[in-house]
Amino acid sequence: MDEREGGIGKTVWVELKAPDLLAEPVAREVAAVMVRQGQSVRAWGEWRAVRSVRSEQFATGGPAIVLGLDEGPALRVHATEPLTVRDGGAPAPDTRPAF
């Protein structure tokens, strides 16, 4: 038996589950044409939730993908441009009443 620094008594170890701590979603690189609404995309150094996706043509005739994001301007890239994405966008705003 080991002596305790504080004298008599017991040491108790406990493990608690923290439900609010979630693992970071896995990011992967895909062509812009594969990005879907509800995913997050790495743009301008931050993760942005994708709110809308549409395709159009560049003036030079190439295919473009336009991603409407939760913040900032839309992201317009070539359809084959590699983008880093992860599933799950930004959390929905908390609409519960404050007490």
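Since the structure is predicted, the reported quantities are computational estimates derived from the model, not experimental observations. Just so you know, these numbers use all the heavy atoms, side chains as well, and skip hydrogens, waters and symmetry mates.
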Using 0.5 Å steps for rounding, measure from the CE atom of Met34 to the CD atom of Glu29.
13.0 Å

Pairwise salt bridge (Lys or Arg N to Asp or Glu O under 4.0 Å) hits with a residue in residues 31-42, at least two apart:
none

Do Arg48 and Glu71 come within less than 4.5 Å of each other through their side chains, counting heavy atoms only?
yes

With Gln37 via side-chain hydrogen bond (donor to acceptor under 3.5 Å, both in side chains) - residues at least two apart:
none

For the hydrophobic clusters of this structure (ILVMFWY residues joined by side-chain heavy atoms under 4.5 Å, transitively), does one cluster hold both Val53 and Trp44?
yes

Without placing hydrogens or testing angles, list every side-chain donor-acceptor pair under 3.5 Å for residues 72-81, not counting sequence neighbours.
unit_1	atom_1	unit_2	atom_2	d
Arg76	NE	Glu56	OE2	2.5
Arg76	NH2	Glu56	OE2	2.9
Arg76	NH2	Gln57	O	3.4
His78	ND1	Thr80	N	3.1
His78	ND1	Thr80	OG1	2.9

Side-chain donor/acceptor of Asp70 to backbone N/O of Ala49, under 3.5 Å
yes

With Val35, which residues qualify under side-chain contact (heavy atoms from CB on, under 4.5 Å), at least two apart?
Val30, Gln39, Val50, Leu67, Leu83, Val85

Can you measure from CG (Leu69) to CH2 (Trp47) and round to the nearest 0.5 angstrom?
12.0 Å

